[in-house]
Amino acid sequence: MGDGAVGAAWPPDPGPGAVCAFLFAGTGSSGPPDLRRAVAAGGAVEEAVRGALAEVARGVPAGGPDLERVLVDDPASYGAVAGDAGTAQLAAYAASVAVVRGMAAAGVVPGFAVGQSFGEIAALVCAGVFTVAEGAAMAASLVGVLGERGAGGGMGLVLADERAAGELVAAAGEPSVVVACVNAPQATVLAGPQGALERVLAAAREGGVRAVRLAVPYLAHHPAMAGADEEWYKIIRGFRQRPLRMAVHSPVRGRAYRDDDDLHRALADCIVAPVRLPAALRAVHRAGARVFVEAGGGAALCQCARLAIPGARTLAPLEAAAPGGG
């Protein structure tokens, strides 16, 4: 099944009776969000998308970005404001919930949700645990904590499996750099202080391994962030946890969440604990998911799904052009 193409009806049709797993990307994985085609669908879909953005706006702190302008009215302006503190993260969150609402209005309802890192907030909102406005407030506060506590650090992608990535770090003699995220069988994200991280990435490239710095301006999924998790937990624990309305599989916990889990604590754990996405994708596939849907900009997690599960069917509703969907 191909990903969404220019000019195609929105939302794309996953096929009759398809059980969908919606994927929510983390910072550094989501592409530039553009909701114009979703709004252009008109009717109930447009109403749902604009309604979701209005709910997000209620949770954005005063002085925050005008997300409807950036995502709908003038997406070309996104590049100019994406570097502002919190804008890219809030835009990614808003795009995610708008995609979920818009597709639901057209009858495409997720059976499963998988959140990658920052995307776990939107995944739990999708599952009804928190409201859209609460999720926006949580996202904004997380950016604040990470920006302050994780300053001086960053993240980089190496095209190697987890073991090989660890060997690259060891060979470079930079123990402050750790495996932060396993995105696909041969795609691993490292995190560490900027200087040490750059040295590991440079050594990887010298050894013939593709390695790039990600646009993440802080440290995350790193043991040095201990304390930041507690700070954010205290901020968000006042938001009421509601029952799960669908299965949410956590790449951090390595299983589906339960209603007796402290899901505020689970979110906070993402600040310090590593993410292993392929195992979560395979778990929802075993549980019955047959189409993986990128709930947000780009198609990065669809690509991860195809790499983790050969032949996986994917949809990327906000992808402007079809890269091939399996």
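Here the shortest heavy-atom pairing between Ala113 and Phe24 reads CB-CE1, 3.8 Å. Among all heavy-atom pairs drawn from Val45 and Ala106, the shortest one is CG2-CB, 4.0 Å. Minimum interatomic distance between Leu318 and Gly297 (heavy atoms only, all atoms of both residues): CD1-N, 3.9 Å. Across all their heavy atoms, Leu159 and Ala187 have their closest contact at CD2-CB, 4.3 Å. Minimum interatomic distance between Val72 and Pro75 (heavy atoms only, all atoms of both residues): O-CD, 3.6 Å. Scanning all heavy atoms of the two residues, the minimum distance from Glu319 to Arg37 falls at O-NH2, 3.7 Å.
The shortest distance between side-chain heavy atoms of Val129 and Gln241 falls below 4.5 Å. The side-chain heavy atoms of Val19 and Phe112, taken from C-beta on, include a pair separated by under 4.5 Å. Side-chain contact check for Val272 versus Pro223: every heavy-atom pair is 4.5 Å or farther apart. Ser250 has its side chain out of reach of Arg255: every pair of non-hydrogen atoms, C-beta onward, lies at least 4.5 Å apart. With a 4.5 Å cut-off on side-chain heavy atoms, Asp34 and Tyr78 do not count as touching. Leu277 has its side chain within reach of Val114: a pair of non-hydrogen atoms, C-beta onward, lies under 4.5 Å apart. Side-chain contact between Leu301 and Leu281 is absent, with no heavy-atom pair separated by less than 4.5 Å. The side-chain heavy atoms of Asp261 and Arg253, taken from C-beta on, include a pair separated by under 4.5 Å.
Here the side chain of Thr188 pairs a donor or acceptor atom with the backbone of Ala160 at under 3.5 angstrom. When atom types are taken as modelled, the side chain of Tyr93 and the backbone of Val132 share a donor-acceptor pair closer than 3.5 angstrom. The backbone N or O of Ala211 sits less than 3.5 Å from a side-chain atom of Arg205, completing a donor-acceptor pair. Looking at Ser96, its side chain does come within 3.5 Å of a backbone N or O of Ala295 through a donor-acceptor pair.
Atom NE2 in His221 sits 12.5 Å away from atom CG in Leu190 (nearest 0.5 Å). Summarising the geometry, atom CZ belonging to Arg282 is positioned 11.0 Å from atom NE2 belonging to His285; distances are rounded to the nearest 0.5 Å. Here Thr131 contributes atom OG1 and Met138 contributes atom CE; the two are 9.5 Å apart, rounded to the nearest 0.5 Å. One distance of note links SG of Cys270 with CE of Met225; it measures 12.0 Å at 0.5 Å rounding. Of the inter-residue distances, the one linking Arg242 atom CZ with Leu263 atom CG reads 12.0 Å to the nearest 0.5 angstrom. Met155 CE to His222 NE2: the interatomic distance, rounded to the nearest 0.5 Å, is 9.5 Å.
The hydrophobic cluster around Val275 extends to Val252, counting ILVMFWY residues whose side-chain heavy atoms fall within less than 4.5 Å of a member.
Listed by first and then second residue, the salt bridge (charged side-chain N to carboxylate O under 4.0 Å, His left out) pairs involving residues 71-83 are Arg69-Asp74 (not counting sequence neighbours). Every pair passing salt bridge (charged side-chain N to carboxylate O under 4.0 Å, His left out) that includes a residue from residues 99-113 is listed here, sequence neighbours excluded: Glu55-Arg101.
Remark: Arg237 does not engage Asp262 in a salt bridge, criterion side-chain N to carboxylate O under 4.0 Å. With salt bridges taken as basic N to acidic carboxylate O contacts below 4.0 Å, none links Arg163 and Asp161.
The environment of Glu47 atom CD is sparse: at most 12 non-hydrogen atoms of other residues, nucleotides or ligands sit within 6.0 angstrom. Under a cut-off of 6.0 angstrom, the local environment of CZ in Arg210 is sparse, with at most 12 non-hydrogen atoms contributed by other residues, nucleotides or ligands.
Hydrophobic clustering keeps Val189 apart from Val169 (ILVMFWY residues linked when any side-chain heavy atoms are closer than 4.5 Å, directly or through intermediates). One hydrophobic cluster, built from ILVMFWY side chains closer than 4.5 Å, holds both Leu244 and Val97. The hydrophobic cluster containing Phe239 also contains Leu267, counting ILVMFWY residues as joined when their side-chain heavy atoms lie under 4.5 angstrom apart, directly or transitively. Taken together through direct or relayed side-chain contacts under 4.5 Å among Ile, Leu, Val, Met, Phe, Trp and Tyr, Val212 and Leu219 form part of one hydrophobic cluster. A single hydrophobic cluster is seen to contain both Val125 and Val143, as judged by linkage of ILVMFWY side chains at heavy-atom distances under 4.5 Å, directly or through other members.
With Tyr218 as the aromatic partner, Arg149 does not meet the cation-pi criteria of under 6.0 angstrom to the ring centre and within 45 degrees of the ring axis.
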Step-by-step side chain to side chain contact (heavy atoms under 4.5 Å, CB included) determination, Leu197 to Glu174
CA-CA 8 Å; Leu197 177 64; Glu174 297 290 352; over 6 Å; no
Check step by step if side chain to side chain contact (heavy atoms under 4.5 Å, CB included) holds for Asp229 and Arg265.
CA-CA 8 Å; Asp229 57 334; Arg265 180 72 259 171; 3.2 Å; yes
Set out, in order, the CA-CA distance, both residues' side-chain angles and the distance that settles side chain to side chain contact (heavy atoms under 4.5 Å, CB included) for Val39 and Arg50, then state yes or no.
CA-CA 8 Å; Val39 169; Arg50 290 192 184 276; 3.3 Å; yes
Please assess Trp232 against Leu146 for the test side chain to side chain contact (heavy atoms under 4.5 Å, CB included), listing each intermediate value before the final yes or no.
CA-CA 9 Å; Trp232 191 51; Leu146 291 175; over 6 Å; no
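The side-chain contact (heavy atoms from CB on, under 4.5 Å) test with Val70 is passed by exactly one of Val81, Leu35, Leu90, Leu53: Val81.
The aromatic ring centroids of Phe130 and His264 lie less than 6.0 Å from each other.
Side-chain atoms of Gln116 and Asn183 form a donor-acceptor pair, as typed in the model, at a separation below 3.5 Å.
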